[in-house]
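If you're wondering where the values come from, they're calculated on a predicted model, not measured in any experiment. Along the sequence shown, the residues carry numbers beginning at 1. Values below: every heavy atom of this structure, side chains too, minus hydrogens, waters and symmetry copies.
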Amino acid sequence: MLGQQDKIAPDARFEPLGDHLTFIEQIEEGIARYKTRLEHISDKRLRRSVMVSIKREQTRRLAEIKRLIIAVRKHTDLGEWFDLALSVPAVGERTALVLLIRMPELGQITREQAASLAGLAPFVHQSGK
């Protein structure tokens, strides 16, 4: 396991994969904005228009996820890691992609380090004595 001082050298393959994942996240943010808009529209024509936009973006999101999975599977080791993540109950393709791309250190660090990296480690933040 890696010590606190050790660093894992960056893998150049993750930059384009990360960019693609960011694009998917931006599509998801757009879908959320459309849904919020929908909450404040009562006109049927406008609601239909927003619903069409939501459906279009959901279709686009699924297509981009499929493209990203294809890009991951072009690398045998990343494809194997992806399949391993998918084998965990309740972990789907989207979550497996995030774990693989945003936390490539998994499998090389302790679970405590992984929790800290994910922002899940319990740290006490106190001021004063």
Practice problem: For residues R60 and F23, determine if any side-chain heavy atom of one lies less than 4.5 Å from a side-chain heavy atom of the other. | Solution: yes
Quiz item: Hey, any chance L97 and V91 share a hydrophobic cluster, counting ILVMFWY side chains that come within less than 4.5 Å of each other, even indirectly?
Solution: no
Quiz item: What do the steps show when you test L17 against L78 for side-chain contact (heavy atoms from CB on, under 4.5 Å), and what is the final call?
Solution: CA-CA 11 Å; L17 296 174; L78 299 183; 3.9 Å; yes
Quiz prompt | Over 12 non-hydrogen atoms of neighbours within 6.0 angstrom of CD in E25 | solution = yes
Quiz prompt | E28: partners by side chain to side chain donor-acceptor pair (under 3.5 Å), with sequence neighbours left out | solution = R61, R94
Practice problem: Apply side chain to side chain donor-acceptor pair (under 3.5 Å) to T22 and list each qualifying residue two or more places apart in sequence or on a separate chain. | Solution: R102
Practice problem: Tell me, with the steps shown, if Q58 and L62 meet side-chain contact (heavy atoms from CB on, under 4.5 Å). | Solution: CA-CA 6 Å; Q58 288 172 332; L62 291 175; 5.8 Å; no
Quiz prompt | Same apolar cluster: V50 and I27, side chain cutoff 4.5 Å | solution = yes
Exercise. Using atom types as modelled and distance alone, determine if a side-chain donor or acceptor of R47 lies under 3.5 Å from a backbone N or O of L38.
Key: yes
Practice problem: Would you check if L68 and I101 make a side-chain contact, meaning some heavy-atom pair closer than 4.5 Å? | Solution: yes
Exercise. Please step through side-chain contact (heavy atoms from CB on, under 4.5 Å) for the pair T95 and V88, ending with a clear verdict.
Key: CA-CA 11 Å; T95 301; V88 176; over 6 Å; no
Quiz item: Does M103 share a hydrophobic cluster with L100, counting links as ILVMFWY side-chain heavy atoms below 4.5 Å and allowing steps through other members?
Solution: yes
Self-check item: F82 CZ to L99 CG distance, which is reported to the nearest 0.5 Å
Solution: 10.5 Å
Exercise. Spell out, yes or no, whether V72 and L84 are grouped together once hydrophobic residues are joined by side-chain heavy atoms under 4.5 Å, including indirect joins.
Key: no
Quiz item: Is there a donor-acceptor pair closer than 3.5 Å between any side-chain N or O of S53 and the backbone N or O of S49?
Solution: yes
Quiz item: Which pairs with one or both residues in residues 63-76 pass salt bridge (Lys or Arg N to Asp or Glu O under 4.0 Å), sequence neighbours excluded?
Solution: E64-R67, R73-D83
Self-check item: Inter-residue atom distance I65.CD1 - L21.CG, 0.5 Å rounding
Solution: 8.5 Å
Exercise. Could you tell me the separation between the CD1 atom of I54 and the OH atom of Y34, rounded to the nearest 0.5 Å?
Key: 8.5 Å
Self-check item: Straight-line distance of I69 CD1 to H20 NE2, nearest 0.5 Å
Solution: 10.0 Å
Quiz item: Under 4.5 Å between any side-chain heavy atoms of D11 and H75, yes or no?
Solution: no
